[in-house]
Amino acid sequence: MEAYRECLSISAAAHDLGIGRRTIYNWKENDEEFAEAMMDAELSALEKVQYAALQKALDGDKTMIMFLLNNKGAKLGYTNGAREVDQEDAAKAVSYLATRFVQEIDQSITGNTIEDRT
């Protein structure tokens, strides 16, 4: 599973393990624990990518700031209006998104929301 976790490519993982791709697909179809482990690997990789994107935004990458605001921010009520976002507004928005992002990761790992713990 580590081979798959590193690259999220069934072909590459099969090659590293010295087996055919179809074998991995068969395992996934017939073994619920294996299928869950693959899903966990995919979620873990996605979280790493989201974290990297967030770090770029926090470092001031305006393209990444706008990308996150337009995608993650849309779920939270941010709309891409015609106005320009100044650096202070962008920092506030990214900070808010970072907090929500951490909450989403925590929820995906623990299954609990912040409200569940109070």
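Side chains are part of it too, since the values below use all heavy atoms of this structure and drop only hydrogens, waters and symmetry mates.
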Yes or no on side chain to side chain contact (heavy atoms under 4.5 Å, CB included) for Met38 and Ile10, after CA distance, side-chain angles and deciding distance?
CA-CA 10 Å; Met38 286 186 74; Ile10 289 177; 3.8 Å; yes
Partner set under ring pair (Phe, Tyr, Trp, His ring centres under 6.0 Å) for Phe34, not counting sequence neighbours
Trp27
Arg21 side, atom CZ; His15 side, atom NE2 - distance, nearest 0.5 Å
13.0 Å
Closest non-hydrogen atoms of Ala13 and Cys7, given as atom of the first, atom of the second and distance, are N-SG, 4.3 Å
At what distance, to the nearest 0.5 angstrom, does CG of Leu43 lie from CZ of Arg5?
9.5 Å
Between NZ of Lys28 and OG1 of Thr23, what distance do you get to the nearest 0.5 Å?
14.5 Å
Mind checking what makes side chain to side chain donor-acceptor pair (under 3.5 Å) contact with Gln50, not counting sequence neighbours?
none
Would you call Arg22-Glu29 a salt bridge at under 4.0 Å N-O?
yes
One should read off an interatomic distance between Thr63 OG1 and Lys56 NZ, to the nearest 0.5 angstrom, of 8.5 Å
Mind listing the closest non-hydrogen atom pair of Ala12 and Ser9 along with its distance?
N-OG, 3.1 Å
Within 6.0 Å of CD in Glu32, more than 12 heavy atoms from elsewhere:
no
Do you reckon Leu8 sits in the same ILVMFWY cluster as Val49, going by side-chain contacts under 4.5 Å, direct or chained?
no
Could you tell me whether the side chain of Lys48 reaches within less than 4.5 Å of the side chain of Tyr51, counting heavy atoms only?
no
So, for Met64 and Ala57, which heavy atoms are closest and what is the spacing to 0.1 Å?
CG-N, 3.9 Å
Shortest non-hydrogen contact from Ile19 to Ile24?
CD1-CG1, 3.7 Å
Nearest 0.5 Å please: distance from the CG atom of Asn70 over to the CD1 atom of Ile65.
11.5 Å
Any chain of hydrophobic side-chain contacts (each under 4.5 Å) joining Met39 to Tyr4?
no
Is it the case that the side chain of Asn30 and the backbone of Asn26 share a donor-acceptor pair, with hydrogens and angles ignored and the cut-off at 3.5 Å?
yes
